[in-house]
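Have a look at the structure below before the remarks.
Computed from a prediction, not measured in an experiment: that's the story for all the values here.
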Amino acid sequence: MRYIDVSALKEMFLSGANNLYNHYPEIDQLNVFPVPDGDTGMNMNLTLSSGAKEIANRPDEDDLYVLASSFSRGLLMGARGNSGVITSQIFRGFAAATEGKKHLNSLDLAACFMAAKEYAYKAVGNPVEGTILTVIREAATSLNEAVTPTMSVKDAMGYLVEKAKESLAHTPDLLPVLKEVGVVDSGGAGLVTILEGMESAIRGKFIVRSAEAEPSANEVVSAYAGAKLSEDEEGYGYCTQFVLRLGGEGKKPFIERNFKKFLKTHGKSLVTVRDEDIVKVHVHTLLPGHMLNYAQQFGEFVTITIENMSEEHRNISEGKKATDYDLHGSNKAEEVEEEAPLEFVAEKEIGFIAVSSGAGLDEMFTELGADALVSGGQTMNPSTQDFLQAIAKAKCRNVFILPNNSNIVMAASQACEVLQDSEIVARVIPSKTIPQGIASAEAFNLEATPDEVYKDMKAALRHVKSGSVTYAIKDTEISGVNVTKGFYLAMKDKNIVSCVKDKFAALYDLCESLITPKSATMTVLCGEDISEKEEETLMGELTERYGDSVEVGILHGGQPVYSFLVGVE
């Protein structure tokens, strides 16, 4: 094959997305920190699925640039987490280099990946080597130096993948923490997986979404430098998706923690997203009726979609459209209607948006004046589209975004970039923790100018030291701390202070590490696993320990996963 035409490029993109879908749980296992967070594999998978849906659900395209741009646009809107945003920028650069091309030869392909590298680096303020950035840079540069006019596009793509794998293998040499834990970079591994899927398609072996069991742990270790594979996540009966509107006459009170626990017990690959009174669910289960009967106790269904995953596999094998691309809505590709474009209108001069997870935190940010909340956090990073929807809902001419998580800042920034040509001015206040976000929200002033508000809210971040207590999801050793699965981790920012059996002991360890002679206040936000009685006891104990040094405050945040979030000012 000498050229890549529109049809071949579409197959490459879809095959790459499918290959990532088939392997994203393995990539999740490569994450360094042993905490239950929004893992790289899942974030990249959701990002690629958004791009794949964009081109799978549209008529056959005859313009190479339009196809590549559509894929890029889908990635951009669905981008989640830093890895997802960088991936979207890689393909944004790739798409830009296809403009004016009717097809791609090997030289064109090399130019596309060089542009991909440039766009990826521009998207990151302080590029870190030993990451996905290194992999795209080294692979693209190697191909650009080796490519010749006579090289076939198959050989060019094969050479790129070979160099990407070599680059991935030496990421631990560039990031000591990777070498310490014994893994390669997860984002880089995700990119290699995408590129492998693209190469497979160009060689005539289109990769479909697998309904088979995942590779064994030994296979994963062989491929990815010691990563361990969890139990099967895919190939599990029926892909069940529904949107549930909570409440109504005769319905039971909805407790999110219990709801998720039930679904996890009876299914796999669970993804849930809550937005006020709406809950969206994606789960693979052998008993979809059982799931629906349980869910209906808490509300009424808005939509329901159930797909036999074995049938899905057969359909794609026969060349039909995939139907499981959108984990957050309908997955009926043939029935998906074009979403109405968002309308950005300004009904007030200034406001702010906050990312929040937990009823108590939602209430705090609302009371502090938030015009809209974005549901999400560490366990489910919101997408660029989620931020755009919140901005549209806020209806402010000048809007400030509090991402409240380091892995969400880039997606929020990308939403601001989308709005550059509109009348809305959106800016990110780079809060990396909930305590930082609360402090920043407290500095919001409706009477000040937008520039003054931006300056004051951003300055408030510097006065907060943050920490958290969560549980460990695997055994490991990191930064000299032995981590035991199921024990509680005291985390000062991303540094592990201790790993102990008791969550309250972990909290006390954390407080000791955060409080200094200059500290004035300490606020502890209790998670959904902490009872009211425990909060009262904790208030007494913390006051007794630290009351002479700092003003202690205990609030119920209701956040999942994290038993405690602590802010010291």
Side-chain angles (χ1 to χ4, degrees), residues 1-21 47-79 87-119 136 139-140 143-144 147 149-161 191 193-209 315-326 333-334 336 338:
M1 180 186 288
R2 296 188 59 193
Y3 303 110
I4 297 171
D5 59 16
V6 178
S7 176
L9 186 60
K10 181 176 181 178
E11 285 204 349
M12 289 171 67
F13 286 154
L14 294 177
S15 184
N18 289 346
N19 199 40
L20 181 65
Y21 175 87
T47 302
L48 265 290
S49 292
S50 179
K53 176 188 171 185
E54 186 71 24
I55 60 175
N57 294 334
R58 61 188 297 134
D60 290 339
E61 185 59 64
D62 59 3
D63 187 302
L64 197 75
Y65 175 66
V66 172
L67 174 76
S69 296
S70 297
F71 184 63
S72 168
R73 174 74 177 179
L75 295 178
L76 183 147
M77 300 306 287
T87 302
S88 75
Q89 292 302 309
I90 287 172
F91 285 96
R92 185 181 179 188
F94 185 103
T98 66
E99 187 170 9
K101 304 287 185 182
K102 293 185 178 179
H103 51 243
L104 303 177
N105 59 26
S106 57
L107 295 175
D108 296 327
L109 192 63
C112 286
F113 280 108
M114 285 298 288
K117 178 259 296 185
E118 296 295 335
Y119 272 68
I136 187 60
L143 174 60
N144 193 56
V147 70
T150 59
M151 181 182 285
S152 71
V153 289
K154 289 181 181 179
D155 289 344
M157 196 67 202
Y159 187 86
L160 180 83
V161 170
L191 178 61
T193 303
I194 296 166
L195 297 177
E196 287 177 323
M198 293 174 68
E199 183 202 8
S200 185
I202 206 174
R203 294 190 182 280
K205 297 180 180 179
F206 180 81
I207 293 178
V208 299
R209 288 193 169 198
N315 287 341
I316 299 176
S317 299
E318 294 175 357
K320 298 179 182 178
K321 289 184 178 180
T323 61
D324 187 24
Y325 273 122
D326 184 5
E334 291 81 357
V336 171
E338 197 72 26

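Contacts of Ala139 classified as side chain to side chain contact (heavy atoms under 4.5 Å, CB included), with partners at least two apart in sequence or in another chain: Leu160, Lys163, Ala164. Residues passing the side-chain hydrogen bond (donor to acceptor under 3.5 Å, both in side chains) test with Arg203, sequence neighbours excluded: Glu199. Legend: residues meeting side chain to side chain contact (heavy atoms under 4.5 Å, CB included) with Ala115, ordered by chain and number and at least two apart, are Ala97. In this structure Gln89 satisfies the side-chain hydrogen bond (donor to acceptor under 3.5 Å, both in side chains) test together with Arg92, Gln414, sequence neighbours excluded. Judged as a ring pair (Phe, Tyr, Trp, His ring centres under 6.0 Å), and not counting sequence neighbours, the contacts of Phe113 are Phe94. Residues satisfying the salt bridge (Lys or Arg N to Asp or Glu O under 4.0 Å) test with Lys117, not counting sequence neighbours, are none. Listed by chain and residue number, Ser106, Leu107, Ala110, Leu143, Met151 satisfy the side chain to side chain contact (heavy atoms under 4.5 Å, CB included) test with Val147 (two or more places apart in sequence, or in another chain). Asp155 is linked by a side-chain hydrogen bond (donor to acceptor under 3.5 Å, both in side chains) to Ser152, counting only residues two or more places apart in sequence or in another chain. By the side-chain hydrogen bond (donor to acceptor under 3.5 Å, both in side chains) test, Asn105 pairs with no residue at all, sequence neighbours left out.
Under the 3.5 Å distance criterion, the side-chain polar atoms of Thr47 are left unmatched by any main-chain donor or acceptor of Leu75. Side-chain N or O atoms of Thr98 include one that pairs as donor or acceptor with a backbone N or O of Ala95 at under 3.5 Å. Of the possible polar contacts, none joining the Asn19 side chain to the Ile194 backbone as a donor-acceptor pair under 3.5 Å is found. With Ser88 contributing its side chain and Ala79 its backbone, the two residues share no donor-acceptor pair below 3.5 Å. Of the possible polar contacts, none joining the Ser15 side chain to the Met198 backbone as a donor-acceptor pair under 3.5 Å is found.
Rounding to the nearest 0.5 Å gives a distance of 5.0 Å between CD1 of Ile90 and CD1 of Ile136. Between the CD1 atom of Ile4 and the SG atom of Cys112 there is a distance of 8.0 Å, given to the nearest 0.5 Å. Between atom CG of residue Leu48 and atom OH of residue Tyr21 there is a gap of 13.0 Å, rounded to the nearest 0.5 Å. Atom CG of Leu14 and atom CZ of Arg209 lie 10.0 Å apart (nearest 0.5 Å). With rounding to the nearest 0.5 angstrom, the CD atom of Glu54 is 7.0 Å from the OG atom of Ser50. Interatomic distance, Ile202 CD1 to Met12 CE, rounded to the nearest 0.5 Å: 4.5 Å.
Between His103 and Tyr3, the angle of the ring planes lies from 30° to 60°, which puts this pair in the tilted group.
Two residues are said to be in side-chain contact when any heavy atoms from C-beta on lie closer than 4.5 Å; Leu67 and Ile55 meet this criterion.
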Quiz item: For Phe91 and Phe13, what are the C-alpha separation, side-chain angles and deciding distance, and is it a side chain to side chain contact (heavy atoms under 4.5 Å, CB included)?
Solution: CA-CA 10 Å; Phe91 285 96; Phe13 286 154; 3.9 Å; yes
Quiz item: Run the side chain to side chain contact (heavy atoms under 4.5 Å, CB included) check on Phe71 and Leu9 step by step: do they pass?
Solution: CA-CA 10 Å; Phe71 184 63; Leu9 186 60; over 6 Å; no
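The salt bridge (Lys or Arg N to Asp or Glu O under 4.0 Å) pairs that include a residue from residues 1-11 are Lys10-Asp60, where partners are two or more places apart or lie in different chains. Within the structure, the side chain to side chain donor-acceptor pair (under 3.5 Å) test picks out the following pairs touching residues 62-75 (sequence neighbours left out): Arg58-Ser70.
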